[in-house]
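Being a predicted model, the structure only gives us computed values, none of them experimental.
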Amino acid sequence: MALVSVANLVLNFGDRRVLDGVNLTLDAGQHVGMVGRNGCGKSTLLKLIAQRPGLKPDSGHVQLARGARAGYLTQDPDLDQENTLREEARTAMAELDGLHKEIEQISHDMAEASGGELDRLMKKYEQLEVRLHALGGYATDHLIDQVLHGLGLKDDVFDVKVKDLSGGQKGRLSLGKLLLSHPDVLLLDEPTNHLDIAGREWLEGFLASYTGAVLMVSHDRWVLDRVVTKIYEMEAGRLVEYPGNYQQYREQRADRKLSQQRAFSKQQTAIKQETAFIARYKAGQRAKQAKGREKRLDRFKRDDALERPIEFETMKLTFKSGPRSSDNVIITNELGVEYDTRKLFDHLSVTIKRGDTVGIIGPNGAGKSTVVRCMLGEQEPTMGETRVGSQVNVGHYKQTHEHLDMSRTVMEYLRPITPNQLEQEARDLAGAFLFTGDEQDKQLGVLSGGERSRAVLAGLVAGGHNLLVLDEPTNHLDISSTERLEEALRRFCEPAAGYGQNRSPEGTLMVISHDRMLLDNLATQLLVFDGEGGVKHFLGTYSEYLETQDAQVVVKDDAVKVDTKQKKTDASKQKNSIGNEKKKNNKGGKPKRKKSRFSHMSQTKLETLIEKTEAKLAELDEQLADPDIYQDHKKFSGLHDEREKLQAELTPLEEEWAGRADEG
């Protein structure tokens with residue numbers, strides 16, 4: 001069943017066509033990714049589907065299935081600034097609170113109803129229970145804590161007012177509220193922007209089991225590989241559909257582009273041959289034939305000619321070679337940093353050699369940027385020492401761009417970095433990074449995050465560095481730019497080869513990133529921060545690190561099983577001891593039974609409800625016994641889910657009945 005249908009959607013901003021006949025369908029349970037260059041219209045399409053106020057298409061329509069709710073993750077969250085973080089998260093559960101009250105009222109009404117009215121109330125009760133369990137059931141507080149913790153929000157910020165939270169914390173709170181509200185359709189615009197690796201892993205697990213539909217705009221290739229089963233690419237205002245995850249999309253896209261180019265080239269060759277024939281015989285004895293062929297060619301060009309495959313400009317990334325650094329680029333000995341009573345890390349002893357590619361990972365606030373500043377001599381450590389090797393020329397990309405003079409233009413920023421500090425050199429460099437015309441004379445302060453990132457990367461490319469230290473370099477880059485950067489960094493770290501200007505830099509790379517695909521494709525060793533003061537040096541790729549973590553989890557699980565078995569044995573002995581003691585002290589009185597949701601119901605009504613539920617279960621069991629049912633997976637799943645739900649409803653009814661029998 002289609003929850004979202006988009007047909008022939010057209011939208012213009014002035015004389016620019018943003019969406020040009022977009023078509024899209026999203027079915028229940030489908031998880032879809034949307035990719036494309038920055039500014040191509042992905043976020044605009046999400047807003048149109050979410051039916052955000054103030055934005056309407058010029059033509060076409062967006063249709064949401066009747067009764068379906070769409071939840072949209074906006075980049076500018078609307079939060080009550082005076083609420084605490086947890087109070088604001090709790091507002092997402094308004095529907096759940098309403099369901100609890102409605103179910104409680106129906107339970108009371110069922111106690112007095114009979115016949116058709118009881119059947120109607122039971123049906124309504126079942127519908128509400130289904131929705132209740134979909135939203136998290138009765139464990140509301142536990143669910144809120146689970147989501148907030150999963151997104152990296154700790155207990156110590158739960159009572160902090162929203163107005164006092166950082167931008168990243170507000171972003172995670174906004175995402176948490178949306179996930180807690182459990183809409184039928186999740187529309188996510190860069191949901192991983194404020195998440196560290198642990199938060200991204202948690203979100204992957206949440207989305208993988210999400211029963212609703214998901215449409216996600218993301219530049220996180222790792223998430224797209226593990227969550228989605230279809231990808232739409234926004235290309236020149238239109239959507240191109242690719243089945244599968246991100247890796248499959250890349251392969252299919254490459255094949256499609258190659259086929260398009262071959263077909264176009266073949267057609268152009270045929271057109272040139274036909275044009276040559278017409279030109280040759282247009283004035284001769286075969287003029288009539290040439291004229292007829294010319295008319296056919298004109299019709300063909302008008303109606304059937306293929307468009308030239310779209311080739312977007314990309315950043316031209318090749319890092320300039322600098323001087324050859326010493327073998328040992330950075331050496332640290334027992335390095336550590338403490339703030340007041342909080343230990344960020346300590347006892348870090350590591351040697352980074354020329355050509356090494358080091359990934360630095362860990363939770364937000366664990367000390368990743370701090371360790372880099374200490375290594376480069378930009379900050380004094382609390383303990384230990386660090387030394388930078390000879391002939392090391394550092395290019396430092398800082399995540400916040402706080403070191404930039406925002407009043408300078410792109411040209412003014414790049415010109416001093418170019419070899420001869422000439423204006424034309426600076427303009428050529430800016431053009432290679434997609435700054436054209438007036439964009440080159442814009443101030444850095446008015447640029448978008450992605451544009452500013454391109455300007456800084458342009459400076460690093462021209463700087464002739466042999467050590468690159470990059471702090472979240474892909475945060476504002478689209479996938480195409482990220483992959484160009486990744487390839488350029490791989491070449492930057494290759495062993496020396498060639499001569500003169502063609503010599504490879506043989507550089508050294510340190511990269512702080514939550515982009516797991518970038519880390520996995522580049523880093524051959526990792527500095528892993530645990531967020532609790534520990535840091536370890538791992539020799540291997542990110543995938544190899546994950547394998548060691550999985551192995552540790554298996555060992556830990558086995559140990560937990562043994563420990564749990566022992567605890568159960570001890571608990572059983574303690575329980576028997578306590579039970580014997582109670583028997584001695586109990587004068588024959590029975591403990592008072594706790595009230596349930598059905599305590600108010602008369603015995604007759606309770607037994608009637610149990611009988612009807614058991615009858616429905618028996619009917620379902622009979623249907624499930626039919627072998628033909630198993631040929632229809634969808635029908636079998638529906639019957640199986642219905643039986644599970646009925647069984648879950650029967651259990652508390654039977655417990656209430658048994659409790660009354662014991663009291664009697």
Side-chain angles (χ1 to χ4, degrees), residues 38 43 71-89 91-92 144-180 186 188-207 216-220 222-223 339 342 344 360-373 397-404 448-450 452-453 456 470-477 482 511-516 518-519 529-532:
N38 285 339
S43 296
Y72 171 60
L73 179 65
T74 174
Q75 297 293 335
D76 302 307
D78 181 19
L79 305 171
D80 188 333
Q81 301 296 311
E82 294 303 319
N83 275 343
T84 66
L85 183 146
R86 202 176 190 290
E87 287 170 346
E88 186 63 19
T91 62
I144 293 173
D145 291 350
Q146 184 184 48
V147 169
L148 295 180
H149 288 154
L151 296 176
L153 294 166
K154 298 181 179 178
D155 291 345
D156 56 4
V157 295
F158 279 16
D159 294 325
V160 175
K161 286 195 172 184
V162 172
K163 65 182 180 182
D164 297 322
L165 297 175
S166 68
Q169 289 168 334
K170 288 178 181 177
R172 280 175 274 165
L173 172 59
S174 181
L175 175 58
K177 281 185 63 178
L178 179 59
L179 300 181
L180 286 167
L186 266 178
L188 303 176
D189 195 353
E190 295 296 348
T192 62
N193 266 3
H194 302 291
L195 301 181
D196 57 22
I197 288 179
R200 294 178 188 213
E201 289 174 343
W202 180 88
L203 182 62
E204 283 171 16
F206 182 94
L207 293 178
M216 174 170 55
V217 171
S218 182
H219 296 152
D220 191 320
W222 194 278
V223 169
Y339 290 129
R342 186 189 172 208
L344 276 185
I360 304 176
I361 62 175
N364 290 328
K368 303 186 297 295
S369 298
T370 303
V371 78
V372 163
R373 289 196 296 271
Y397 178 99
K398 299 179 181 179
Q399 180 182 358
T400 59
H401 301 157
E402 58 193 15
H403 61 295
L404 300 178
S448 69
R452 203 176 300 129
S453 295
V456 175
L470 310 180
D471 192 346
E472 297 292 353
T474 62
N475 262 8
H476 301 288
L477 299 181
T482 295
V511 57
I512 301 171
S513 184
H514 298 315
D515 186 334
R516 290 161 289 172
L518 180 81
L519 289 166
F529 288 76
D530 62 14
E532 298 176 358

Distance, nearest 0.5 Å, that separates CD of E88 from CG of N83
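Result: 5.0 Å between the selected atoms.
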Which heavy atom of [X] sits nearest a heavy atom of [Y], and at what distance?
X	Y	value
A89	L148	CB-CD1, 4.0 Å
V157	L85	O-CB, 3.5 Å
I360	F529	CG2-CE1, 3.7 Å
G531	A366	CA-CB, 3.8 Å
S513	I361	O-CG2, 3.9 Å
R172	L195	CG-CD2, 3.4 Å

Given 3.5 Å as the limit, does a donor-acceptor pair link the side chain of [X] with the main chain of [Y], or not?
X	Y	value
T474	L477	no
E472	H514	yes
K368	G362	yes
D471	Y397	no

R200 with D220: basic N within carboxylate O range, under 4.0 Å:
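A salt bridge is present here (some side-chain N lies under 4.0 Å from a carboxylate O).
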So does E204 pair up with R516, basic N to acidic O under 4.0 Å?
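R516 and E204: salt-bridged.
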Check: H219/N475 side-chain N/O donor and acceptor closer than 3.5 Å
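No.
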Do [X] and [Y] come within less than 4.5 Å of each other through their side chains, counting heavy atoms only?
X	Y	result
V162	E82	no
D80	T91	no
H149	V147	no
W222	D515	no
L188	L178	yes

Going through the distances and angles, do S43 and D189 end up as a side-chain hydrogen bond (donor to acceptor under 3.5 Å, both in side chains)?
CA-CA 7 Å; S43 296; D189 195 353; 2.6 Å; yes
